[in-house]
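The structure appears below as structure tokens.
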Protein chains: 2
Amino acid sequence: MDQERPVKLSDISKALNLSVSTVSRALNDSHEIGEETKRIVQSYASKVNYRPNLIAQSLKEMNTRYIAIIVPEISNSFFAEIVNGVEFVANNQGYHVVIYQTHDSTEREINIIRDVARRKADGLLLSPSTNQTDVNEVMKSIGAKLPVVYFDRVPSDNYCHKVVCDNYQAAFEATSWLIQQGKRRIAHMAGPSGISISIERLAGYSAALLHAGISVDPNLIRYSNFLAREAWDNLRDLEEKYQPDAYFASSDRLSFYCYEAVQMLPEPRATEVKIVGFTNATFAHLLRPKLSAIVQPAFEMGKIAAEMLLNTITKKNKNIEYGFIKLPAVLKNTE
Amino acid sequence: MDQERPVKLSDISKALNLSVSTVSRALNDSHEIGEETKRIVQSYASKVNYRPNLIAQSLKEMNTRYIAIIVPEISNSFFAEIVNGVEFVANNQGYHVVIYQTHDSTEREINIIRDVARRKADGLLLSPSTNQTDVNEVMKSIGAKLPVVYFDRVPSDNYCHKVVCDNYQAAFEATSWLIQQGKRRIAHMAGPSGISISIERLAGYSAALLHAGISVDPNLIRYSNFLAREAWDNLRDLEEKYQPDAYFASSDRLSFYCYEAVQMLPEPRATEVKIVGFTNATFAHLLRPKLSAIVQPAFEMGKIAAEMLLNTITKKNKNIEYGFIKLPAVLKNTE
DNA sequence: TTAATTTACGCAAACGATTGCGTAAAATAG
DNA sequence: CTATTTTACGCAATCGTTTGCGTAAATTAA
């Protein structure tokens, strides 16, 4: 086996009897190099398949030309679509996108953020896991060098870039729709308490109920993190004690847990209990009975988040102006 | 705003009146450094929140401590699970995992492979998109420096590491099951012709038919890449001309396209036509009528692939022995 | 007590690229 | 024909680490 080591500038410079700097400039099409020399260098470089070492380039240039995105779970269609939106604009601007997943573990998240900082990613797109305060602390400790745009789950303060969908409005509409369908005892399967999306969706849900003259029953509101176990316990308990006639689920996974639990109920409840939930799953519309879906403009959110991030990266020294974009979600699969 | 630049070794060395090399060795707990000095350096470093610059480290060490995985689509549960398996073992061994998706574009794939090579990833896990020959060429051009393990879609030659599931056996069982259900005119929605999984699944399908005394009708075999358009045209044509009484779908997406198309048929076909397909979608079991699923041990495949890769990375100079692992898939949702 | 060894540190070269500056030769100006 | 500018290249520093080697001082051996 030929231990075919990648060719570097000095290899070319030796072969052509030129200095390394001349070779470098020739390849970068510098005006300081004669046309003839350029041609020779470039053709030789492509002949021997020269590819600049990005590690070395990054060290010199102090940038890496890639951005990182940290999501809870890539198999979640919502986040997958966001990633696609991010890739769409980033690739167009010559940036690569590196994807990390936290599996909703704060510990993993912190490790990843540290790593992203140490590897000198040019920017970070972040949808923080549950634990707000820990993450805040890490973000401080890595210094002000790393531009960040938050999406979906965002901090409450205003000194950062944020992209979200209008969770309040979406929750309001979804709940109102259930009410229109004649439902009164509407349970809310909420995400972890304390994070932005949970708070806003709960608010929209409550507002819709009140707006329809229905009082908000705390017993019907259940917080779950994303472990199946917790959601199931909540569902079982709700069914035993309160038998809601509808569910409003606050996340992709909760929507499907809900759906599954309801399908396992004896008839006629299994078909009568309506479910509406946040989900971007491509195949949600195949389910019978229907799972009504609040679909977020995930691809668009990704695009916008990436644009904001790349803007702050390239316009580094200008004075920053924090953006807060809120996009509408749409309700689908309402028969 | 304090332009809080990351602290580097020379900052520490100046502050403590030590040489850079001493600081470096102290932080790496070298035996050449006095205990007292170590303590001073380490405590100061942690006080000022020193984090080594991984770019610089990588350049010096000639490794990056991360591996790349290239998949067609992260939203596909099969690949998402593979990624999870990979992360599981890689993280345990101190490696990070960088995820790229090709969206089944050969062009994107080639760009990504080149980038992975230039960024000096320590290894690559690859499930090549459709175009075999192009990818082969790129893999040659980037030189022998990058250890690669193929999974799912693998090259035919034996001089590489491969992890797959037993596609032939799975297809055989799935088709046999359909036959047991009394189906005779079984259509096969195949993936792109020419890639390993398509070939093996087709072979298993054909063998099962022949084993049951049913002749293989080429009209019932349709190749689609993963564009919705192509699959739909095939489905429509099949329905118009041949009205199969069952479908065997060769991929996640094809399974769902099939399912959707069949559900749109007039009764009684919509409920009578059975579908069995490869899918690792978590909620496939929620569908009614059922979508019978060939579930691959994706997490396990990811684990094994990562182990093989990390083995070849760490045992670099030893003589390589190519591995070819084949795991069984299981048939689920058969009522 | 002197010689040999160990301890504890600094100097400088690397890793592979980019770039400011210096400088011969060539081209242009006067 | 001399003076100045331009062209076309090389030298060497730099990015932030790691590490081989050299060497005083401290310790041990003889």
Side-chain angles (χ1 to χ4, degrees), chain A residues 4-42 44-45 48-65 115 117-122 142-143 145-146, chain B residues 3-42 44-45 48-65 115 117-122 142-143 145:
Chain A
E4 209 182 316
R5 146 185 87 57
V7 18
K8 44 192 176 182
L9 284 187
S10 65
D11 297 327
I12 301 182
S13 95
K14 274 169 203 153
L16 264 42
N17 253 317
L18 291 166
S19 77
V20 173
S21 47
T22 299
V23 174
S24 171
R25 277 186 256 253
L27 291 174
N28 291 323
D29 207 32
S30 160
H31 65 276
E32 298 191 55
I33 303 298
E35 292 305 322
E36 176 64 4
T37 314
K38 275 187 196 173
R39 250 188 302 279
I40 295 176
V41 171
Q42 285 169 0
Y44 182 82
V48 297
N49 227 305
Y50 168 76
R51 308 281 169 193
N53 181 327
L54 284 192
I55 305 275
Q57 266 183 343
S58 294
L59 181 59
K60 188 68 177 79
E61 309 270 300
M62 297 306 269
N63 67 18
T64 50
R65 312 261 329 147
D115 195 69
R118 301 200 313 166
R119 289 189 189 277
K120 309 294 175 189
D122 288 347
I142 62 175
K145 280 296 299 276
L146 182 66
Chain B
Q3 184 55 26
E4 207 183 316
R5 145 184 90 57
V7 17
K8 44 192 176 180
L9 285 187
S10 65
D11 296 328
I12 302 182
S13 96
K14 274 168 203 153
L16 264 42
N17 252 318
L18 290 168
S19 77
V20 173
S21 47
T22 299
V23 175
S24 172
R25 277 187 256 253
L27 290 174
N28 290 324
D29 207 31
S30 161
H31 65 276
E32 299 189 56
I33 303 297
E35 293 304 322
E36 176 64 4
T37 313
K38 276 186 197 174
R39 250 189 303 279
I40 295 176
V41 171
Q42 285 167 2
Y44 182 81
V48 296
N49 226 306
Y50 168 76
R51 308 282 168 191
N53 180 328
L54 284 192
I55 305 274
Q57 267 183 344
S58 294
L59 182 58
K60 189 69 177 85
E61 310 269 299
M62 298 305 270
N63 66 18
T64 50
R65 311 250 346 135
D115 195 68
R118 301 200 314 168
R119 289 190 189 276
K120 309 294 173 188
D122 288 348
I142 62 175
K145 280 296 299 280

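Below, read A as the first sequence line, B as the second, and so on, with proteins coming before strands; counting in each chain starts at 1.
Considering only heavy atoms from C-beta on, A/I33 stays 4.5 Å or farther from A/N28 through its side chain. Within the 4.5 Å cutoff, side-chain heavy atoms of A/N53 are placed close to those of B/K120.
One interatomic measurement links the two molecules: NZ of A/K60 to C1' of D/dT17, which rounds to 16 Å at whole-angstrom precision. Here D/dT18 presents its C1' atom at 14 Å from CG of B/L54, a figure rounded to the nearest Å. Across the protein-nucleic acid pair, A/E61 atom CD and D/dT14 atom P stand 17 Å apart, rounded to whole Å. Look at CG on A/L27: it is 13 Å from P on C/dT19, rounded to the nearest Å. Atom-to-atom, CE of B/M62 to C1' of C/dA13 comes out at 15 Å; the value is rounded to the nearest Å. Nucleotide C/dT18 holds its P atom 12 Å from the CG atom of A/L59, rounded to whole Å. The NZ atom of B/K38 sits 13 Å away from the C1' atom of C/dC9 (whole-angstrom rounding). We find that CD1 of B/I55 is positioned 10 Å from C1' of D/dG16, with the value rounded to whole Å.
Of the side-chain N and O atoms in B/N28, one or more sit less than 4.0 angstrom from OP1 or OP2 of D/dT18. Between B/S24 and D/dT19, a side-chain N or O to OP1/OP2 separation shorter than 4.0 Å is absent. The side chain of A/T22 contributes no N or O atom lying less than 4.0 Å from OP1 or OP2 of D/dC9. Taking only side-chain nitrogens and oxygens, B/K8 comes nearer than 4.0 Å to OP1 or OP2 of D/dG16. Residue A/Y50 places at least one side-chain N or O under 4.0 Å from the OP1 or OP2 atom of C/dA17. Contact annotation: A/Q57 reaches the phosphate of C/dT18 (side-chain N/O to OP1 or OP2, under 4.0 Å).
The base of C/dC11 lies close enough to the side chain of B/S21 for a donor and an acceptor atom to sit less than 3.5 Å apart. Remark: the B/R51 side chain and the D/dG16 base include no donor-acceptor N/O pair separated by less than 3.5 Å. A donor-acceptor contact under 3.5 Å is not formed by the side chain of B/R119 with the base of C/dG16. For a distance-only test at 3.5 Å, the side chain of A/S58 fails to qualify as a donor-acceptor partner of the base of D/dC15. Taking 3.5 Å as the limit, the base of C/dG16 and the side chain of B/R118 contain no donor-acceptor pair of atoms between them.
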Step by step, work out the side chain to side chain contact (heavy atoms under 4.5 Å, CB included) result for A/V48 and A/D11.
CA-CA 10 Å; A/V48 297; A/D11 297 327; over 6 Å; no
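Residue B/I12 comes nearest to B/Y44 through the heavy atom pair CG2-CD2, 3.7 Å, listed as atom of the first residue, atom of the second, then distance. Between B/R119 and A/L54, the closest heavy-atom pair is CG-CD1, 3.4 Å.
A/N63 and A/R65 form no side-chain donor-acceptor contact under 3.5 Å, judged by distance and modelled atom types alone.
In this structure, B/A56 and B/E35 both approach DNA chain C, and ranking their closest nucleotides by distance from the 5' end singles out B/E35.
Counting only heavy atoms from C-beta on, B/L9 has its side chain closest to D/dT18 among D/dT18, C/dT18, C/dC21.
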